[in-house]
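Before any comments, here is the structure.
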2 protein chains.
Amino acid sequence: MHKEMPESDYPDIRELHLFSDMAHDNFMSLMRGAYVQAFPPQIELITEGDPSDFLHVVLTGSVDLFCSWNGRETSMATVRPISTFILAATIRDAPNLMSARTLEKSRIALIPSQDVRAVFNADNDFARAIVTELAQCYRSVIKTQKDLKLRTSLERLANFLLRQQKRAAGDTGFDLPFEKRRLASFLGMTPENLSRAFKGLQPYGVTVTGTRITIEDQHDLEKFAKPSPLIDDDST
Amino acid sequence: MHKEMPESDYPDIRELHLFSDMAHDNFMSLMRGAYVQAFPPQIELITEGDPSDFLHVVLTGSVDLFCSWNGRETSMATVRPISTFILAATIRDAPNLMSARTLEKSRIALIPSQDVRAVFNADNDFARAIVTELAQCYRSVIKTQKDLKLRTSLERLANFLLRQQKRAAGDTGFDLPFEKRRLASFLGMTPENLSRAFKGLQPYGVTVTGTRITIEDQHDLEKFAKPSPLIDDDST
DNA sequence: TTTGACGCTTGATAATTATCAAGCCTTCGG
DNA sequence: CCGAAGGCTTGATAATTATCAAGCGTCAAA
């Protein structure tokens, strides 16, 4: 059912910070034990509570990490190429805390968790790379939590739009990177309220046309959104 | 101003998972460069945004980790003996994402971040222990985030009380581990609403007398709270 | 002991957010 | 091209949560 990973995929993965420093032999050993599979959209790759059998790497497409409780569901993050997910569960040999589903047609690499743990024990540079990666992940979640606890939904949306605009560099506008319903869930609100929140940002120069967003005067929106590097910057 | 750490404190710190596996020489090197200081209550130990100069270890007392934005403030976690905080910022040599203040009179060990990073680079066992620690921290934050996004404030309180009761083992009740106002902030609500939420749990057998909580029929409260190991268990 | 500070509670009210119910629009398969 | 499905929007309403204002209780400093 799964296919072995073709060697043509090795370089992309090797470029990831997580794998770039490890010994060649160990990297090859991980790759040779790995699989690659193309999934259609909306396929549930992992289910929260299940043991983490594989470290996943998104090669193309995109994957939604989400959680459920008591009939409710919320989107936690979207993973885009090229990056890994469920590293923490893999390392701790613990059950996944989040489920994952493909948002679009996606190629996913699956590295058996046992192999990852074995190489983690054997390769000191890999262990250190995992430290950096996990520290980064941890800080990223802390930022999201600050966003959730300190801001209203309107403020969260405003800051989200500013972050996206920043990514789009000099461009005059940008397209939302996923469906509005998913954005709503990610921001901790309902689709109905996201729709209203967009209208609420019109006075600050935000225009929405389908999936296209334009921010008339970035400075104007910033005066409302008050972005902070300790919440909104990727790097710090 | 700071005092060198007395050797009598070494064993307690050495017992922490983070330090238990590392080479003796490296441990001693960390300890000899470390300071210990007793702080009165309500002292701000670190401020978010500042560089992380020290890895902190709470020896006695307790420390509140909190965040601010736009004049608002929220409590993120309480650190109790014996454990460390701001490990991630220390390792990444990045600014602290959270502030910290003593809740009571507390003895804090301060290990220079430079030393921690140096030993991290030199000691492979220490590096691996950090991986385990960070993975644990990461998963813990994810659980908190699920709690926040999937549950109402009443449900969060109910589950918090059940977790505390579990810690109190067979006891018939327990005392809240900190002020109600801080609990409110931690749970993402106002003190006023926490007060009302306690009343809202009376029908499920929760009695509050000052700081003392008793849960009449744990099963009854669980039927309402629906605790999940993927949100509420420390271990998984 | 007194007094003030401060945390907790309660009530009234307002703001925020969710839910329900249509209706609109795009998309995609027939 | 048509029609159904599903995402998006809008309005009305309800639930949740926050704010404001006051009073109560406790604790510690004077």
Side-chain angles (χ1 to χ4, degrees), chain A residues 40-42 64 66 69-75 78 101 103-105 147-160 175-203 206-213 224-225, chain B residues 40-42 64 66 69-75 78 101 103-105 147-160 175-203 206-213 224-225:
Chain A
Q42 305 299 333
D64 187 41
F66 64 100
W69 177 79
N70 194 28
R72 298 167 210 165
E73 186 179 308
T74 191
S75 172
T78 300
R101 77 161 73 88
L103 290 175
E104 47 192 313
K105 192 163 177 299
D147 192 49
L148 278 170
K149 291 187 79 176
L150 291 168
R151 289 172 171 162
T152 67
S153 59
L154 199 60
E155 291 163 344
R156 290 199 294 279
L157 175 59
N159 280 292
F160 173 83
D175 284 303
L176 289 175
F178 32 67
E179 291 173 298
K180 288 181 183 170
R181 63 194 328 267
R182 206 162 311 282
L183 174 59
S185 180
F186 174 71
L187 293 176
M189 55 204 289
T190 56
E192 291 98 323
N193 277 329
L194 176 63
S195 203
R196 289 178 192 115
F198 273 124
K199 287 201 165 172
L201 291 180
Q202 273 179 16
V206 174
T207 314
V208 185
T209 317
T211 171
R212 185 83 187 167
I213 309 288
F224 168 75
Chain B
Q42 307 298 332
D64 186 43
F66 65 99
W69 178 79
N70 195 26
R72 298 168 209 164
E73 185 180 308
T74 192
S75 171
T78 299
R101 75 162 72 88
L103 290 176
E104 46 192 316
K105 193 166 176 297
D147 192 49
L148 278 170
K149 290 187 79 175
L150 291 168
R151 289 170 171 165
T152 67
S153 60
L154 199 61
E155 290 163 344
R156 289 199 294 278
L157 175 60
N159 280 292
F160 173 84
D175 284 304
L176 289 176
F178 32 67
E179 292 172 298
K180 287 180 184 170
R181 63 196 327 268
R182 209 162 309 283
L183 173 59
S185 181
F186 174 70
L187 293 176
M189 56 205 289
T190 57
E192 292 98 321
N193 278 328
L194 175 63
S195 202
R196 290 184 255 265
F198 273 124
K199 289 203 163 169
L201 291 180
Q202 271 179 17
V206 174
T207 313
V208 185
T209 316
T211 171
R212 184 84 186 165
I213 309 289
F224 168 75

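Below, read A as the first sequence line, B as the second, and so on, with proteins coming before strands; counting in each chain starts at 1.
Across all their heavy atoms, Q42(B) and R101(B) have their closest contact at OE1-CD, 3.6 Å. Between E155(A) and N70(B), the closest heavy-atom pair is OE2-ND2, 4.3 Å. Scanning both residues, A197(B) and L157(B), for their nearest heavy atoms gives CB-CD2, 3.6 Å. The nearest pair of heavy atoms linking K180(B) to G210(B) is NZ-O, 3.1 Å.
Residues from residues 187-198 of chain A with heavy atoms under 4.0 angstrom of DNA chain C, sorted by number: G188(A), M189(A), T190(A), E192(A), N193(A), R196(A).
Rounded to an integer number of Å, the gap from CD of Q42(A) to P of dC28(C) is 13 Å. In this structure, R181(B) places its CZ atom 16 Å from P of dA5(C), rounding to the nearest Å.
Using a 4.5 Å cut-off on side-chain heavy atoms (C-beta onward), R72(A) and T152(B) make contact. In this structure, the side chains of D64(A) and E179(A) stay at 4.5 Å or more apart for every pair of heavy atoms.
Not one side-chain nitrogen or oxygen of K199(B) sits closer than 4.0 Å to the OP1 or OP2 atom of dT9(C).
In this pair, F178(A) and F160(A) present their aromatic rings tilted. The plane angle is within the 30 to 60° band.
Interatomic distance, CG of L148(A) versus CG of L150(A), reported as 9.5 Å (0.5 Å rounding).
For DNA chain D, the outermost nucleotides in 5' to 3' order that have an atom under 4.0 Å from a heavy atom of chain B are dT17(D) to dC20(D).
The backbone N or O of R151(A) sits less than 3.5 Å from a side-chain atom of R156(A), completing a donor-acceptor pair. Of the possible donor and acceptor atoms, none in the side chain of R181(B) sits under 3.5 Å from a partner among the backbone N and O of P191(B).
Annotation: the terminal axes of the helix from dT1(C)-dA30(D) to dG30(C)-dC1(D) meet at 40°, where each axis is the rotation carrying the C1' atoms of four end pairs onto the next four (5 pairs per end, rounded to 10°).
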